[in-house]
Amino acid sequence: MDADPRPPAPQPQTGTPTPGGRRPVAAALMLGMALAALDSTIISTAVPQIVGDLGGFSVFSWLFSGYLLAVTVSLPLYGKLSDTFGRKPVLLAGIVVFLIGSLLCAGAWNMGTLIAFRIVQGLGGGALQGTIQVIAADLYPLKERPKIQARLSSVWALSSVAGPAIGGVLAGYADWRWIFLINLPVGALALVLIARHLHEPRRHRNGRPRIDWAGALGVFLSGGLLLTALVQGGVAWSWLSAPSLALLGATAVCAAATVWIERRAAEPIIPGWVWRRRTISAVNLAFGALGLLMIAPTVFLPTYAQSVLGLGPIPAGFVLSTMTLSWPIAAALSSRVYNRVGFRRCAITGMTAATLILAAFPLLPYPGAAWQPALIMLLLGGALGLFQLPLIIGVQSSVPWAERGTATASILFCRQVGQSVGAALFGAVANATLASRLADAPDAIRPGLPDDLDSVSRALEHPGALSDRAADYLRRAVDTAVDHVYLGAATAALLALLALVFLAPRRFPVHTEGETESGAEAGDESEAGAGTESGPVAGDETEARAGAGGGAKAGTRARAEGGAKAGTETGTGTDAGSETDGRADTAPLTTPEADGAGSGRPETGQRPRP
């Protein structure tokens, strides 16, 4: 197409904060991320003290499951609310709810109340996990996003690893209630920094925003029933028992009702475009597989290190922590890769490596040395760093401001659901392998052998009642079970790889605030490359070149003539049918320093090169 001779539509002044102005906000985001990560793991080593004080041993697992359930089912709601009302009020409300939940947990008087208060805490944690990622994308232009996202990944990794140690120290030398009380000063500081330094531009809306409460309830019920079935199935009852079948059936009914509600809602919690756009739907599937495969190292590797290698809890934790060292480093360096080859190819490279690394785990010798699985985890962290961050940035960059929260929440939601499915699936694989091995045990050692993974691990921690031959047989059984889990994780990695290769577009669209070109999702079938704006667009194989006279050959632009139509919605914009908005409410977040400086510049020129 010939270059359009008309002048481009006027760009909104999107004040990008100065580095000094963004610094306190970035610190607050990292504090909030640390809170969410710590409370997902900090309670694990304090369970004996909590049960000894409050009782309720039969239901203590819901201290983890309730928190996970609340975080997962609330993510889509917070994503939609942040797009509707802005990021700042949602994040502030989430921090307040999280701190109220923490205070209530510290004052719990029995196990039932502690579980209920953990669910309250999880509802705040959902706002922290989802909204922090979106604010980071709003605050930093595309060129700088890898740095802040790598910092957030580092905080999450370090906090997750440090959580059990901190929880053990507080429970052993103080009181388990301090596990929740330490959240108060950290959260209060994050609250003050966000309130004082984060400022959003005034948003102009036509009419009163409508909240899809029926859809939100449907998402809560569907997600809650599914996660309950996955968490309790095979533990509290068998998979084919009446409770499991009833929960799964109720999940299917609620999911169908939710789809029906969402298709008719004016502003649905989970809009249909989340799954209609190839970019987002492919990444959602890939992130679901990522959550699935992550269960192998995080849940089963510590058991392998202690039961098979004979390591103590601290050295076993170090074997796992090597992954958290390489992951953020690879994420920080991933921009050098995707700037050259594009988001999709960078993620494919990372997941291909992860598939091979996971498949190599069963090749480790028995019993082997601790450095061998540690090296596997170091390499896996580097591979996943190349996979995850480019996809998050790619999805966030493919949508306008008003859709970024929903898009980000959808991929985080799929990752959380993948983790829940993975815990149930791989737990069943491990227990089935152990049951088979124990059934084939020699008659001389079969009496007295345990019959599931937890019992085997406890027996190997106190091997006095076992003969040397029986203990060695159990170690080999655990080794085989974990090998099968890693093969399952490699299969999940292969599924993520297939989703990117066959479903993701060859190049991700890059949305820039203020104007969108026609056919931004093109590139799956067309080599002409219709991206957003002129110039390279997160290139994978094709280039979009600017034409003469300030025009572009990348497609037909939706222009504002004389500024009169700057807010017109077009159905031919980003991702094959998204609605784009040229109004000022698509501006990224600002800080007072940036407002005073008047150094507004759109996110143009900050795109990865093909």
Side-chain angles (χ1 to χ4, degrees), residues 25 27-43 62-109 112-136 152 155-156 159 163 177-198 200 209 211-213 215-217 219-221 223-224 227 269 405-406 408-409 412-413 416:
V25 179
L29 297 182
M30 288 189 282
L31 288 174
M33 188 64 76
L35 285 176
L38 275 173
D39 272 75
S40 64
T41 59
I42 194 172
I43 201 173
W62 274 97
L63 293 176
F64 311 94
S65 303
Y67 182 86
L68 173 65
L69 187 151
V71 168
T72 303
V73 300
S74 63
L75 275 170
L77 176 61
Y78 285 126
K80 181 62 178 179
L81 291 178
S82 71
D83 284 341
T84 303
F85 298 103
R87 328 296 191 205
K88 182 176 180 179
V90 172
L91 181 57
L92 291 177
I95 295 175
V96 170
V97 171
F98 185 87
L99 295 182
I100 290 175
S102 299
L103 188 60
L104 291 173
C105 287
W109 55 91
T113 58
L114 183 57
I115 291 172
F117 298 151
R118 279 283 284 175
I119 292 175
V120 174
Q121 203 182 26
L123 293 175
L128 292 175
Q129 286 196 31
T131 313
I132 285 174
Q133 297 275 8
V134 183
I135 291 176
L152 293 176
V155 169
W156 181 274
S159 299
R177 298 179 190 272
W178 281 100
I179 290 174
F180 304 105
L181 291 176
I182 62 171
N183 293 334
L184 301 182
V186 178
L189 178 58
L191 198 66
V192 170
L193 291 175
I194 292 294
R196 291 187 59 182
H197 295 280
L198 182 61
E200 294 181 294
I211 302 176
D212 178 22
W213 292 115
L217 179 60
V219 172
F220 265 76
L221 289 177
L227 292 178
I269 294 295
T406 300
T408 304
L412 297 179
F413 174 76
Q416 292 287 107

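This chain uses plain numbering: 1 for the first residue, then up along the sequence.
What you find for Lys88 and Leu198 is that their closest heavy atoms are NZ-O, 2.8 Å. Across Ile132 and Gly32, no two heavy atoms sit closer than the pair CD1-C, 3.6 Å. Taking every heavy atom of both residues into account, Gly126 and Ser74 meet most closely at CA-OG, 3.5 Å. Taking both residues in full, the closest heavy atoms of Leu193 and Ala27 are given as CD1-CB, 4.4 Å, listed atom of the first, atom of the second, then distance. In this structure, Leu99 and Ala188 approach most closely via the heavy-atom pair CD1-N, 3.9 Å.
Leu69 has its side chain out of reach of Phe220: every pair of non-hydrogen atoms, C-beta onward, lies at least 4.5 Å apart. Counting only heavy atoms from C-beta outward, the side chains of Phe98 and Asn183 approach each other to under 4.5 Å. Counting heavy atoms from C-beta on, the side chains of Phe117 and Ser102 never come closer than 4.5 Å. Looking at heavy atoms from C-beta onward, Val155 lies out of side-chain contact with Leu29 at the 4.5 angstrom threshold. Side-chain contact between Leu103 and Phe180 is absent, with no heavy atoms from C-beta onward closer than 4.5 Å. Two residues are said to be in side-chain contact when any heavy atoms from C-beta on lie closer than 4.5 Å; Leu191 and Leu92 meet this criterion.
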Exercise. How far apart are the C-alpha atoms of Leu68 and Gln416, what are their side-chain angles, what is the distance that settles it, and do they pass the side chain to side chain contact (heavy atoms under 4.5 Å, CB included) test?
Worked result: CA-CA 8 Å; Leu68 173 65; Gln416 292 287 107; 3.3 Å; yes
For this session: Evaluate the side chain to side chain contact (heavy atoms under 4.5 Å, CB included) criterion for residues Thr131 and Thr408: first the C-alpha distance (whole Å), next the side-chain angles of each, then the deciding distance (0.1 Å), finally the verdict.
Result: CA-CA 8 Å; Thr131 313; Thr408 304; over 6 Å; no
For this session: Take Tyr78 and Leu123 through the side chain to side chain contact (heavy atoms under 4.5 Å, CB included) test and state the conclusion after the steps.
Result: CA-CA 10 Å; Tyr78 285 126; Leu123 293 175; 4.3 Å; yes
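A distance-only check finds a donor-acceptor pair linking the side chain of Arg177 to the backbone of Ala108 [under 3.5 Å]. Arg118 places no side-chain N or O within 3.5 Å of a backbone atom of Tyr67 that could act as its donor or acceptor partner.
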